Amino acid sequence: MKSNGIQRSFKSGESTRNEGTPPGLGKVARMPGYGGVGVRRIDGYEDAQYRLRHLHIVGWSIACGVLSLVVLGGAFTFWLLPKLHRAKDTTDTDLMAADAHARVASKFTAPSGEAAVAMVRKALAVRNPEEVAGLIRPGPATALEVVRFLAAMKTVDGEIAEYIWLSSIDKNGIALEGVLVSFVETDQPRSRLAFLTPDEKGVWKMDFAAFARWVQPSWEDLLASKAESGIVRVLVARDRYFNGPFPDDKKFAAYSLASPDMVEVLPLVGYCRVDSAQYRAMEFMWAYAEEASVRATLEIRRVEGGDRRQFEISRVLAEDWVMSDIPLDEARK
């Protein structure tokens with residue numbers, strides 16, 4: 001904490017009394033024989049009393065010190081034992097996940113930052129459907145849908161301002177290299193994430209569904225209840241809104257679901273049953289997260305009695321926006 005200009009000092013031989021205040025007495029030595037009328041102290045009596053008091057103080061200090069050591073030792077033991085058990089538990093959970101991340105990153109030679117940015121530039125410049133397969137992983141979209149989206153991007157998002165390499169972002173057992181594509185600001189900042197992932201031959205391609213934040217059906221149809229379920233790519237954070245068909249926070253977990261492509265001011269709320277496969281998959285995504293919100297690909301569906309913002313999380317398809325062959329909630333069973 002800053003001193004805020006307050007200084008503490010000691011000046012020998014100088015008076016510290018302010019003008020107008022009474023003088024302080026300081027330490028006054030006891031005068032021999034003073035303290036009782038007509039009473040004469042026996043020689044050595046005060047020294048004996050002082051030594052007795054000193055022994056009592058030392059004894060109590062030692063006792064308090066021993067007691068403090070016992071309490072601290074007990075607390076440390078209670079803290080350490082769960083850690084030791086936790087270290088054993090990580091063999092099948094955290095260490096396996098961390099090891100999987102390391103293996104994925106080392107399976108193929110990742111492109112450098114300059115190479116990753118060059119790959120993304122080239123992929124975003126594609127306008128011929130026949131060139132899509134060599135540069136882009138189209139996912140659920142057709143090659144024609146891919147080039148139409150890329151051609152319309154300038155109108156929807158604006159001119160590209162810069163590319164920022166994000167390095168390795170391994171998720172779902174897939175090696176990923178991330179590049180943030182930011183656009184010239186108009187009414188609000190806009191950006192998209194370009195994920196590069198290798199195919200079975202080690203050729204790195206951009207994942208189109210993640211870049212486009214692909215939703216099936218559209219957000220408009222989902223929010224207008226024209227579709228009962230859908231696959232969405234969203235930002236997820238823990239929530240505390242329990243109402244309607246999801247009233248009990250002991251039975252359900254709640255998560256806010258948001259997307260830059262939603263026209264809704266308030267985020268949606270997704271629910272899953274506590275201790276279900278979906279719940280375990282959702283909570284797993286925060287094992288290595290440094291932020292309060294994470295990216296996820298989910299299947300959501302409406303439930304009778306819920307309001308237009310409430311959905312059940314029926315499947316957790318992927319951690320982040322790139323899907324693998326095995327859904328996350330199956331891999332985490």
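No experiment lies behind these values; they were computed from the predicted model shown. Computation of the quantities below employed the complete heavy-atom set of this structure, encompassing side-chain atoms and omitting hydrogens, waters and symmetry-equivalent molecules.
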Between Val126 and Trp214, is there shared hydrophobic-cluster membership here, with clusters defined by ILVMFWY side-chain heavy atoms closer than 4.5 Å? yes
Candidate list Leu257, Asp329, Leu317, test side-chain contact (heavy atoms from CB on, under 4.5 Å), partner Leu298, passing option: Leu257
Cation-aromatic face contact Arg137/Trp204, 6.0 Å, 45 degrees: no
Would you call the rings of Phe246 and Tyr271 parallel, tilted or perpendicular if under 30° counts as parallel and over 60° as perpendicular? parallel
Tell me, do Ile169 and Leu166 make a side-chain contact under 4.5 Å, heavy atoms counted? yes
Is a side-chain donor or acceptor of Arg309 paired with a backbone partner of Gly306 at a separation under 3.5 angstrom? no
Would Glu177 and Ser167 count as a side chain to side chain donor-acceptor pair (under 3.5 Å) here? Give the steps. CA-CA 5 Å; Glu177 292 290 314; Ser167 188; 4.7 Å; no
Say you draw a straight line from OG of Ser218 to NZ of Lys226; how long is it, rounded to the nearest 0.5 Å? 7.5 Å
Taking the side chain as C-beta and beyond, is there a heavy-atom pair between Glu159 and Lys154 under 4.5 Å? yes
Judged by atom type as modelled, is there a donor-acceptor pair below 3.5 Å linking the side chain of Arg302 to the main-chain atoms of Arg308? yes
Here the pair of heavy atoms bringing Pro138 nearest to Phe208 is O-CD2, 3.9 Å
To the nearest 0.5 angstrom, please state how far the SG atom of Cys272 sits from the NZ atom of Lys251. 15.0 Å
With a 3.5 Å distance limit and no angle check, can you tell me whether Ser168 reaches the backbone of Asp170 through a side-chain donor-acceptor pair? no
Measure from the side-chain N and O atoms of Asn172 to the backbone N and O of Val322, and report whether any donor-acceptor pair falls under 3.5 Å. yes
Distance-minimising heavy-atom pair for Phe195 and Ala210: CD1-CB, 3.7 Å
Heavy-atom donor-acceptor pair, Arg213 side chain to Val234 backbone, under 3.5 Å: no
What verdict does the salt bridge (charged side-chain N to carboxylate O under 4.0 Å, His left out) test give for Arg280 and Asp275, after you've listed the backbone C-alpha separation in whole Å, the side-chain angles of each residue and the deciding distance to 0.1 Å? CA-CA 6 Å; Arg280 288 190 292 272; Asp275 293 332; 5.5 Å; no
Run the salt-bridge test on Glu312 and Arg301 with the 4.0 Å N-O cut-off and return the result as yes or no. yes
Using 30° and 60° as the class boundaries, would you call the ring planes of Trp286 and Tyr255 parallel, tilted or perpendicular? parallel
Which pair of heavy atoms, one from Ala227 and one from Leu222, lies closest together, and at what distance? O-CD2, 4.2 Å
Under a 4.5 Å side-chain heavy-atom rule over Ile, Leu, Val, Met, Phe, Trp and Tyr, are Val117 and Leu150 clustered together? yes
Side-chain heavy atoms nearer than 4.5 Å, only ILVMFWY residues, links allowed to pass through others: does that put Val236 and Tyr241 together? no
Show your reasoning for whether side chain to side chain contact (heavy atoms under 4.5 Å, CB included) applies to Trp219 and Val263. CA-CA 8 Å; Trp219 280 114; Val263 295; over 6 Å; no
Working to the nearest 0.5 angstrom, can you tell me the gap between Met119 CE and Glu114 CD? 11.5 Å
Please report the shortest heavy-atom distance between Thr197 and Ala175, naming the atom on each side. OG1-O, 3.4 Å
Can you confirm whether Val156 sits close enough to Arg190 that some side-chain heavy atom of one is under 4.5 Å from a side-chain heavy atom of the other? yes
Should the heavy atoms of other residues, nucleotides or ligands under 6.0 Å from CG of Asp307 be counted, would the total exceed 12? yes
Between Asp207 and Leu176, is a side chain to side chain contact (heavy atoms under 4.5 Å, CB included) present by the stated rule, with each step listed? CA-CA 10 Å; Asp207 189 281; Leu176 302 174; over 6 Å; no
Pair Gln310, Val303 - check side chain to side chain contact (heavy atoms under 4.5 Å, CB included), show working. CA-CA 8 Å; Gln310 290 182 303; Val303 176; over 6 Å; no
Flag the pair Ile300 / Val232 as yes when at least one side-chain heavy-atom distance between them is below 4.5 Å, and no otherwise. yes
If we ignore hydrogens and angles and just use 3.5 Å, is the side chain of Asp199 paired with the main-chain N or O of Val203 as donor and acceptor? yes
Output yes when a side-chain donor or acceptor of Arg315 lies under 3.5 Å from a complementary backbone atom of Glu299, and no otherwise. no
Is there a side chain to side chain contact (heavy atoms under 4.5 Å, CB included) between Leu124 and Met206? Walk through the geometry before answering. CA-CA 9 Å; Leu124 297 184; Met206 189 186 81; 3.8 Å; yes
Would you give the length of the straight line joining atom CE of Met153 to atom OG1 of Thr155, rounded to the nearest 0.5 angstrom? 10.5 Å
Heavy atoms of Phe242 and Pro247 approach each other most closely as CB-O, 3.7 Å
Looking at every heavy atom in both Glu145 and Pro140, which two are closest together, and how far apart are they? OE1-O, 4.4 Å
Between atom CD1 of Ile174 and atom CG of Asp320, what is the distance when rounded to the nearest 0.5 Å? 10.0 Å
Are Met285 and Leu268 connected in the hydrophobic side-chain network, where two residues link if heavy atoms are under 4.5 Å apart? yes
Over 12 foreign heavy atoms within 6.0 Å of CZ, Arg238: yes
Ring centres under 6.0 angstrom apart (Phe252, Tyr279): no
Ser229 side, atom OG; Gln216 side, atom CD - distance, nearest 0.5 Å: 10.5 Å
Step through the shown structure and confirm whether more than 12 heavy atoms of other residues, nucleotides or ligands are within 6.0 Å of CD1 on Ile164. yes
For the hydrophobic clusters of this structure (ILVMFWY residues joined by side-chain heavy atoms under 4.5 Å, transitively), does one cluster hold both Leu196 and Ile160? yes
Donor-acceptor under 3.5 Å (Arg233 side chain, Trp321 main chain): yes
